[in-house]
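Just below is one structure, and these are the notes that go with it.
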Amino acid sequence: LLYSLNISLENPRVTFKTLNDDLVCLLLPPLVNNPIVTISKNDQNLDSIEELLRLGTLTPYMARFLEAAVQAKLNILVCGNKNSGKRTLINTLTNFIPTNERIVYTGTKEIINNTKQMVLTNTIDVNTLESLYPSYLVYVNKNVDTLLKLVNKSQGIIASFDIRKFTLDNLVTNVLLENPNMTKETVLASIYTGFDILVYMEKDIDQKIRVTGIKEIDTQELKDVFIYINNTFGFNKHNNFTYKKLKKMGINTLDDIFGV
């Protein structure tokens with residue numbers, strides 16, 4: 001096996017995926033003192049909000065907030081570093097979408113939760129995506145230019161993007177790196193007008209995925225709704241712009257959390 005993977009002192013690092021999508025990394029000296037094998041398990045079994053709650057990925061208040069946002073067709077951007085659990089959370093959020101709604105999924109990786117109402121495609125052509133008439137668009141693709149042309153449409157959007165820090169500057173910088181044809185002003189304007197909620201995912205040192213922040217976009221400002229600091233979850237109960245928006249839409253399921 002090691003020979004077929006071409007690992008040697010001259011090539012001391014090899015990574016590959018198993019049949020169930022686990023990521024295996026083999027390391028030899030001089031990269032490390034002793035030979036090491038690491039296995040990053042695929043979170044394909046984390047397909048329910050109950051399982052994420054049990055593992056401490058997010059809190060019940062967070063789950064209810066995101067459920068209300070999805071059902072209201074608010075646009076949600078899930079951010080985080082690679083392998084931080086973005087796809088797992090997005091897959092779970094699709095469970096909140098009513099079963100009679102059409103979901104169009106576009107991305108390089110097939111989403112885990114594939115329902116009868118989900119149309120899978122790799123296209124980033126705006127006209128093609130609009131011709132599919134999605135009630136919800138799940139967008140997992142680095143081509144943000146296409147995404148930002150779709151965010152002001154009538155469908156709800158759940159999208160993901162890789163960033164290292166949960167700041168607006170880091171998000172804009174990473175978008176520009178992946179999409180050099182865009183300008184900073186265009187990206188900022190599209191984020192402010194096109195998205196409602198930003199969610200940040202991280203993987204702890206113990207390899208557990210966790211939602212460490214949820215921000216809302218209020219006009220041209222990002223405001224904390226939920227935070228995770230020093231191993232403690234917290235939330236901002238007052239002046240919640242999204243809660244007020246949901247109330248105007250007739251969604252009253254968060255009154256016990258944010259109601260005064």
Side-chain angles (χ1 to χ4, degrees), residues 15 23 25 38 40 43 46 52 55-59 61-63 65-66 69-70 74-93 107-109 138-148 151 157-237 239-242:
T15 59
L23 182 65
C25 180
T38 64
S40 179
D43 297 325
L46 304 182
L52 295 185
L55 294 174
T57 301
L58 73 173
T59 68
Y61 280 2
M62 286 179 173
F65 179 78
L66 292 174
V70 170
L74 300 187
N75 291 344
I76 302 171
L77 182 61
V78 181
C79 307
N81 212 339
K82 292 182 178 180
N83 301 315
S84 60
K86 298 186 297 296
R87 186 173 62 147
T88 298
L89 181 64
I90 287 177
N91 179 66
T92 304
L93 293 181
T108 54
K109 280 189 175 181
V138 179
Y139 192 92
V140 186
N141 194 296
K142 290 185 177 181
N143 190 304
V144 180
D145 190 20
T146 296
L147 173 63
L148 296 182
V151 289
I157 290 180
I158 305 173
S160 73
F161 198 75
D162 292 344
I163 61 173
R164 292 183 178 274
K165 295 180 180 180
F166 198 23
T167 65
L168 183 61
D169 285 344
N170 193 258
L171 174 59
V172 172
T173 298
N174 279 270
V175 169
L176 293 175
L177 286 173
E178 295 290 345
N179 302 267
N181 60 311
M182 303 181 68
T183 65
K184 180 178 179 179
E185 291 72 23
T186 301
V187 175
L188 281 172
S190 298
I191 292 174
Y192 285 141
T193 61
F195 286 99
D196 301 287
I197 296 170
L198 272 63
V199 182
Y200 190 63
M201 301 284 300
E202 289 187 86
K203 180 172 282 189
D204 288 347
I205 192 170
D206 58 1
Q207 298 302 299
K208 289 184 178 180
I209 60 174
R210 184 168 282 118
V211 176
T212 57
I214 298 178
K215 296 179 184 288
E216 63 180 3
I217 297 177
D218 182 357
T219 314
Q220 292 192 359
E221 184 179 357
L222 266 63
K223 296 181 178 179
D224 288 322
V225 181
F226 294 93
I227 56 174
Y228 180 77
I229 300 177
N230 298 326
N231 298 320
T232 303
F233 287 103
F235 70 100
N236 180 18
K237 181 177 181 178
N239 299 319
N240 190 290
F241 178 75
T242 304

Legend entry - Closest heavy-atom pair and its distance - Ala69, Ile76: CB-CD1, 4.1 Å
Legend entry - Heavy-atom closest pair, residues Phe233 and Thr57: CZ-O, 4.4 Å
Flag side-chain contact, heavy atom, 4.5 Å: [X] against [Y]:
X      : Y      : result
Met62  : Val225 : no
Lys208 : Leu55  : no
Ile214 : Leu66  : yes
Met182 : Leu148 : yes

Is a side-chain N or O of [X] found less than 3.5 angstrom from the main chain of [Y], in a donor-acceptor match?
X      : Y      : result
Thr232 : Asn230 : yes
Lys215 : Ile227 : no
Glu202 : Thr212 : no
Asp196 : Asn75  : yes
Asn179 : Asn181 : no
Lys203 : Asn83  : yes

Legend entry - Check against side-chain contact (heavy atoms from CB on, under 4.5 Å), Phe65 and Ile197: CA-CA 10 Å; Phe65 179 78; Ile197 296 170; 3.7 Å; yes
Atom pair [atom1]/[atom2] of [X] and [Y] - distance to nearest 0.5 Å:
X      : Y      : atom1 : atom2 : value
Leu77  : Ile158 : CG    : CD1   : 11.0 Å
Thr88  : Ile209 : OG1   : CD1   : 4.5 Å
Leu198 : Glu216 : CG    : CD    : 11.0 Å

Legend entry - Contact list for residues 172-211, test ring pair (Phe, Tyr, Trp, His ring centres under 6.0 Å), sequence neighbours left out: Phe166-Tyr200
Legend entry - Evaluation steps, side-chain contact (heavy atoms from CB on, under 4.5 Å), between Thr219 and Phe241: CA-CA 10 Å; Thr219 314; Phe241 178 75; 5.6 Å; no
Legend entry - Tyr61 ring center near Phe235 ring center (under 6.0 Å): yes
Legend entry - Evaluation steps, side-chain contact (heavy atoms from CB on, under 4.5 Å), between Leu147 and Ile157: CA-CA 9 Å; Leu147 173 63; Ile157 290 180; 3.9 Å; yes
Name each donor-acceptor pair under 3.5 Å that joins a side chain in residues 167-174 to protein atoms two or more places apart or in another chain, with its distance.
| from | atom 1 | to | atom 2 | distance (Å) |
| --- | --- | --- | --- | --- |
| Thr167 | OG1 | Asn170 | N | 3.1 |
| Asn170 | OD1 | Arg164 | N | 3.1 |
| Asn170 | OD1 | Lys165 | N | 3.3 |
| Asn170 | OD1 | Asn174 | ND2 | 3.2 |
| Thr173 | OG1 | Asp169 | O | 2.8 |
| Asn174 | ND2 | Asn170 | O | 2.7 |

Legend entry - Residues in salt bridge (Lys or Arg N to Asp or Glu O under 4.0 Å) contact with Glu221, at least two apart in sequence or another chain: none
Legend entry - Verdict with supporting geometry, Leu89 and Val199, side-chain contact (heavy atoms from CB on, under 4.5 Å): CA-CA 10 Å; Leu89 181 64; Val199 182; 3.7 Å; yes
